Amino acid sequence: MDILPRSSVLAAAAIGGLVFYYALSSKKRSKHLPPGPRGLPIIGNVLQMPVEMPWMAFSEWGKTYGDIIQVNILGQPILIINSTRVAKELLDKRSAIYSDRPRFVMAGDLVGYDETFVLQPYGENWRKQRRLIAQDFSLSSTPKYYSLQEKEAAILVRNLLKDSSSLVEQIKLRIGIIIIRVTYGHYIQTPDDPFLTTPLQAMVNFGISTTPGNFMVDFIPALKHLPAWMPGAGFLQTAKKWRQIVWDASWNPYEWCKKNMDTGKTLMPNLCGTYINEAGGKLTHDDEMKIVWAASSVMGGGLDTNMSSALSFFMAMILNPQIQAKAQAELDAVVGKDRLPTLADKPNLPYIRSIMAEVFRWSPAIPLGIPHATSEDDIFEGYEIPKGTLIMPNAWHMLHDPEIYPNPMQFIPERYNGSDEEMFKVTLSFGFGRRICPGMHFAEGTLFSIIATTLATCDILPGLDANGKEVIPKYAYTPGTITFPESFPVRLRPRSPQATSLLSDVQYTIE
Ligand code: HEM
């Protein structure tokens with residue numbers, strides 16, 4: 001795998017291409033571009049690009065360069081946006097020309113993620129796929145999945161009470177079960193089910209291959225034509241392996257769903273099954289391509305993101321026992337102790353909603369968003385933004401701006417004053433403009449169920465190290481497009497025997 005910036009892959013052939021490319025693009029550099037760190041000839045800012053939690057580094061850069069920062073990686077202009085106002089101005093108001101995706105040569109051309117509409121260029125195919133799922137996951141459609149989300153949340157907590165050392169695995173499994181059930185009508189029963197493990201692997205690869213700067217071929221597309229045996233061309237073998245994984249993750253569960261519509265094994269409703277039914281079973285190859293890749297986008301979009309937010313919730317609660325106590329008081333007053341909370345209780349639980357909003361603010365799962373790209377030249381406040389600029393909205397910075405969120409590193413649900421309008425503002429962690437996450441309402445259902453069920457039934461405590469000492473987690477996140485808290489131990493203690501018995505009563509049904 002050829003990783004920048006430490007890579008030594010600046011092979012002679014590539015440099016030749018670069019000089020040519022740089023000569024071509026130097027005209028653009030002389031324009032009035034937004035401020036940014038001064039780069040080197042040819043390679044631009046490659047060596048300055050931060051690797052660890054780059055969203056925090058870009059946030060620091062903002063103190064020197066301001067709200068918009070231009071960097072250049074081997075001739076590719078990148079605009080980092082450090083302000084909600086500017087992000088809305090460009091990505092929302094000018095969405096007609098800011099809704100493209102950059103061309104990811106590794107992730108797209110070579111591995112094939114560009115079949116999914118997450119990476120599709122802004123155009124007809126993107127629109128058709130997006131329409132298919134926007135409907136199924138709209139605010140008014142998601143209640144059909146509430147009971148699944150509530151049940152899986154309860155089983156998650158029940159299993160964590162038995163063994164809280166398996167926090168990550170349990171969250172992965174339960175969120176995987178939910179998303180695969182609603183997409184294909186298949187109920188995952190064991191963590192080693194390939195319908196779960198293959199998409200999870202595909203997501204790991206997605207994260208690596210879409211992180212700008214990880215693959216030289218993204219900046220020098222001609223490298224994709226290198227012979228596979230050439231030193232430095234290891235990325236071609238990687239791409240081949242990863243391509244098979246994406247194909248298996250996308251087509252196998254769809255074929256299973258289609259085949260089992262008649263046997264009754266396919267559980268309804270689900271995205272693919274509904275589509276197959278509506279078409280009366282008569283689908284052209286083109287129709288199938290559309291639904292397979294739209295479904296794959298749902299599965300990919302809904303797995304790691306929700307997992308990341310759920311893990312951040314557990315971390316925030318370990319760090320803030322007083323918030324747990326306040327949330328539990330609200331749950332006891334509104335829901336009582338004789339039943340588990342449901343999604344129907346959500347309107348009456350403003351403090352739980354505030355905790356959820358604060359999770360999205362404190363630890364956005366995709367801190368730098370999924371990059372957009374400009375499809376035309378533009379001018380903003382006197383700065384030129386060339387066509388093809390990769391746009392990185394630094395959601396992390398926007399959600400940690402001390403002017404808007406005082407003490408931004410503190411987890412403070414009270415900052416919203418119970419106002420849904422204030423909470424709504426953090427939804428910028430779900431992206432911008434026409435590309436905004438179509439799974440937002442569904443994601444909220446899953447996370448709300450996990451938060452409410454856990455707090456209603458358990459106290460969340462720090463885990464212990466080998467010497468029995470409490471481990472307080474640090475605010476540290478993994479690199480990649482979708483980020484996770486660095487691993488931390490946790491302990492769950494039931495609030496009462498009654499709480500344990502409410503969890504035990506939840507039926508493990510395949511539905
Ligand atoms: C906590 C959970 C989630 C977070 C934080 C999240 C965040 C995001 C973000 C930041 C984007 C990029 C938007 C942009 O380009 O401006 C996105 C796109 C997307 N998300 Fe989510 N997401 C979550 C859950 C989900 C779920 C549950 C689904 C599926 C049901 C989903 C499906 C998608 C899809 C398909 C896209 C691509 C949209 C497009 O390119 O048009 N996401 N998400």
Side-chain angles (χ1 to χ4, degrees), residues 55 81 87-88 90-92 95 98-102 104 108 113-123 125-139 141-142 145 148-149 171 175-176 178-184 199 203 206 210 250 270-271 293-313 356-357 359-373 390-396 398-399 426-451 481-484:
W55 44 93
I81 303 180
K88 286 187 183 299
L90 298 182
L91 301 175
D92 288 354
S95 60
Y98 279 82
S99 295
D100 214 353
R101 290 282 190 223
F104 288 97
Y113 290 107
D114 57 353
E115 297 284 356
T116 68
F117 76 87
V118 183
L119 293 195
Q120 276 277 310
Y122 181 58
N125 197 16
W126 166 79
R127 203 166 284 116
K128 283 184 183 155
Q129 282 194 33
R130 186 166 167 120
R131 216 176 279 142
L132 280 182
I133 76 161
Q135 211 179 328
D136 212 50
F137 293 100
S138 68
L139 186 58
S141 298
T142 43
Y145 297 126
L148 175 74
Q149 290 169 314
I171 288 183
I175 287 178
I178 294 174
I179 204 80
I180 287 162
R181 162 66 189 82
V182 303
T183 311
Y184 302 105
M203 282 314 293
F206 177 85
T210 53
S250 307
N270 74 76
L271 176 72
W293 293 109
S296 182
S297 314
V298 169
M299 190 171 55
L303 273 173
D304 283 8
T305 47
N306 254 156
M307 277 162 45
S308 165
S309 298
L311 287 168
S312 293
F313 157 70
M356 179 166 72
V359 170
F360 292 139
R361 185 201 69 80
W362 189 60
S363 300
I366 312 186
L368 290 171
I370 300 178
H372 290 218
L390 187 152
I391 311 286
M392 268 194 202
N394 189 354
W396 189 91
M398 298 172 209
L399 295 165
V426 307
T427 53
L428 64 86
S429 63
F430 286 91
F432 294 91
R434 301 183 191 184
R435 289 281 188 170
I436 195 168
C437 175
M440 185 164 82
H441 305 297
F442 183 74
E444 286 192 355
T446 300
L447 192 63
F448 184 90
S449 295
I450 292 175
I451 294 175
T481 303
I482 304 176
T483 182
F484 296 91

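Numbering of ligands and ligand atoms starts at 1, following listing order. Because the structure is a prediction, the values reported are computed rather than measured. Side-chain atoms are counted along with the backbone in the values below, which use heavy atoms only and exclude waters and symmetry mates.
- A side-chain donor-acceptor contact under 3.5 Å links T142 to the backbone of L139.
- At least one cation-pi condition fails for R435 and F430: the charged atom is not both under 6.0 angstrom from the six-membered ring centre and inside a 45 degree cone around its axis.
- Between P438 and I133, the closest heavy-atom pair is CG-CD1, 3.9 Å.
- Nearest protein heavy-atom neighbour of atom 28 (C) of ligand 1: G439 CA, 3.6 Å.
- The backbone N or O of G433 sits less than 3.5 Å from a side-chain atom of D92, completing a donor-acceptor pair.
- If you look at S429 next to ligand 1, the close heavy atoms, those under 4.0 Å, all belong to the backbone.
- A donor-acceptor pair under 3.5 Å is formed between the side chain of T305 and the backbone N or O of G301.
- For ligand 1, the atoms closer than 4.0 angstrom to any heavy atom of A443 are 2 (C), 24 (C), 27 (C).
- Under the 3.5 Å distance criterion, the side-chain polar atoms of R434 are left unmatched by any main-chain donor or acceptor of R127.
- The backbone N or O of S308 sits less than 3.5 Å from a side-chain atom of S312, completing a donor-acceptor pair.
- With hydrogens left out, the protein atom closest to atom 24 (C) of ligand 1 is T305 OG1, 3.3 Å, a heavy atom.
- Considering only non-hydrogen protein atoms, atom 1 (C) of ligand 1 sits nearest to S309 OG, 3.3 Å.
- Heavy atoms from both the backbone and the side chain of S297 come within less than 4.0 Å of ligand 1.
- At the top of the distance list for atom 25 (C) of ligand 1, counting protein heavy atoms only, stands G301 O, 3.2 Å.
- In this structure, the side chain of S449 engages the main chain of G445 through a donor-acceptor pair within 3.5 Å.
- Remark: the backbone N or O of Y98 is paired with a side-chain donor or acceptor of H372 at under 3.5 angstrom.
- Not one N or O on the side chain of T183 forms a donor-acceptor pair closer than 3.5 Å with the backbone of A295.
- Residue contact check: F360 has heavy atoms under 4.0 Å from atoms 1 (C) of ligand 1.
- The side chain of I366, and not its backbone, has at least one atom closer than 4.0 Å to an atom of ligand 1 (non-hydrogen atoms only; side chain from C-beta on).
- At a 4.0 Å heavy-atom cut-off, ligand 1 touches F117 through backbone and side chain alike.
- Taking both residues in full, the closest heavy atoms of R361 and V426 are given as CB-CG1, 3.8 Å, listed atom of the first, atom of the second, then distance.
- Considering each of P438, G433, P367, the one bringing a non-hydrogen atom nearest atom 36 (C) of ligand 1 is P438.
- For atom 38 (C) of ligand 1, the nearest non-hydrogen atom of the protein is R130 NH1, 3.5 Å.
- In this structure, the protein non-hydrogen atom closest to atom 13 (C) of ligand 1 is R435 O, 3.2 Å.
- With a 4.0 Å heavy-atom cut-off, ligand 1 is reached by the side chain of H372 but not by its N, CA, C or O.
- An N or O contact shorter than 3.5 Å links W126 to ligand 1 by distance.
- Neither the backbone nor the side chain of M440 comes within 4.0 Å of ligand 1, counting heavy atoms alone.
- Between A365 and ligand 1, a contact under 3.5 Å exists for no N or O pair.
- No donor-acceptor distance shorter than 3.5 angstrom exists from the side chain of Y145 to the backbone of F442, with no hydrogens or angles considered.
- The protein non-hydrogen atom at the shortest distance from atom 22 (N) of ligand 1 is C437 SG, 3.1 Å.
- Residue R101 places a heavy atom less than 4.0 Å from ligand 1.
- The protein heavy atom nearest to atom 27 (C) of ligand 1 is G302 CA, 3.4 Å.
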